[in-house]
Amino acid sequence: MALDQLFAILACALLAGLAIFQGALIAGAPLGRMAWGGQHRVLPAKLRIGSALSIALYGIFAYAALAKVSLVPALVSESFTAITIWVLTAYFVLGVLMNAISRSKPERLIMTPTTLALAALYLVLALH
């Protein structure tokens, strides 16, 4: 297995963990202090919808990473996939900043390093 494929798989593992976390939030788990600004222990309906959308996006993000390293067939051009990986890298860098300034200490402590790891993994993918 090539190193870039390993990085894509690691990114997918982190995204899967986030999807499980978001699923728990949707189900009413009292983990809301670690997400969405940390204002709610249990998420209200609108934020649960946001969590559901997040899960769908994580799937797309994971697919893009796997397509970039040819572990799944690409549905779009190689150049579109490459641009997508750069956009996702920027998205995760922004996520690092947003989580780092969160008023919620649990969100800062857990989500900042998580998004930093994703930003680093997607940067490696973008550079290869």
Side-chain angles (χ1 to χ4, degrees):
M1 175 182 300
L3 193 56
D4 60 343
Q5 290 176 330
L6 176 62
F7 289 144
I9 290 169
L10 289 172
C12 290
L14 279 175
L15 290 168
L18 286 173
I20 291 167
F21 171 71
Q22 294 290 353
L25 291 172
I26 292 166
L31 303 171
R33 297 279 184 233
M34 293 183 275
W36 301 108
Q39 308 247 335
H40 306 279
R41 193 172 76 78
V42 175
L43 295 185
K46 286 184 180 182
L47 290 180
R48 290 180 191 202
I49 292 168
S51 287
L53 292 173
S54 293
I55 292 170
L57 288 173
Y58 297 156
I60 294 168
F61 298 170
Y63 181 84
L66 295 173
K68 176 71 166 86
V69 297
S70 303
L71 288 175
V72 297
L75 299 175
V76 293
S77 71
E78 188 175 310
S79 61
F80 185 84
T81 301
I83 291 167
T84 299
I85 296 298
W86 276 109
V87 169
L88 291 173
T89 301
Y91 171 80
F92 288 122
V93 168
L94 179 61
V96 170
L97 298 174
M98 297 304 291
N99 285 306
I101 65 170
S102 173
R103 292 181 180 164
S104 167
K105 186 175 182 179
E107 186 173 26
R108 285 193 312 271
L109 292 175
I110 295 168
M111 294 305 175
T112 303
T114 302
T115 52
L116 180 60
L118 284 164
L121 289 166
Y122 275 79
L123 177 60
V124 170
L125 294 174
L127 293 172
H128 280 93

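Predicted model only: the values in this text are computed from it and were never measured.
How far CG of L71 is from CD of Q5: 4.0 Å, rounded to the nearest 0.5 Å. In this structure, I55 CD1 and I20 CD1 are separated by 9.5 Å, a value rounded to the nearest 0.5 Å. With rounding to the nearest 0.5 Å, the separation of CZ in F80 from CD1 in I85 is 10.5 Å. The structure places CE of M111 at 14.0 Å from CG of L116, a figure rounded to the nearest 0.5 Å.
Annotation: ring-ring contact (aromatic ring centres under 6.0 Å, His included) contacts involving residues 10-44, sequence neighbours excluded, are absent.
Checked by atom type and distance alone, the side chain of R48 pairs as donor or acceptor with a backbone atom of L43 at under 3.5 Å. Formation of a donor-acceptor pair under 3.5 Å by the T112 side chain with backbone atoms of L109 is not found in this model. Judged by distance alone, the side chain of K68 and the main-chain N or O of H128 form a donor-acceptor pair under 3.5 Å. Here the side chain of R33 pairs a donor or acceptor atom with the backbone of Q39 at under 3.5 angstrom.
When side chains are defined from C-beta on, N99 does not count as touching T114, because their heavy atoms never get closer than 4.5 Å. At a threshold of 4.5 Å between non-hydrogen side-chain atoms, the residues L66 and F61 do not count as touching. When side chains are defined from C-beta on, I83 counts as touching V87, because their heavy atoms get closer than 4.5 Å. You'll find the side chain of L18 reaches within 4.5 Å of the side chain of L118, heavy atoms only.
Heavy-atom contacts from other residues, nucleotides or ligands closer than 6.0 Å to OH of Y91 number 12 or fewer.
Under the 4.5 Å side-chain contact rule for hydrophobic residues, Y58 and I9 share a cluster. Residues V96 and I110 are members of separate hydrophobic clusters, defined by side-chain heavy-atom contacts under 4.5 angstrom among Ile, Leu, Val, Met, Phe, Trp and Tyr. Grouping the Ile, Leu, Val, Met, Phe, Trp and Tyr side chains by contacts below 4.5 angstrom, directly or via other members, places V72 with L3. L88 is connected to F7 through a chain of hydrophobic side-chain contacts under 4.5 Å among Ile, Leu, Val, Met, Phe, Trp and Tyr, so both are in one cluster. Hydrophobic clustering of Ile, Leu, Val, Met, Phe, Trp and Tyr side chains at less than 4.5 Å, counting indirect connections, unites L57 with L75.
Scanning both residues, G37 and S104, for their nearest heavy atoms gives O-CB, 3.7 Å. Summarising the geometry of A64 relative to T84, their closest heavy-atom pair is CB-CG2, 4.1 Å, with the distance given to 0.1 Å.
Residues satisfying the ring pair (Phe, Tyr, Trp, His ring centres under 6.0 Å) criterion with Y122, sequence neighbours excluded, are F92.
Side-chain N/O atoms of S79 and S77 include a donor and acceptor closer than 3.5 Å.
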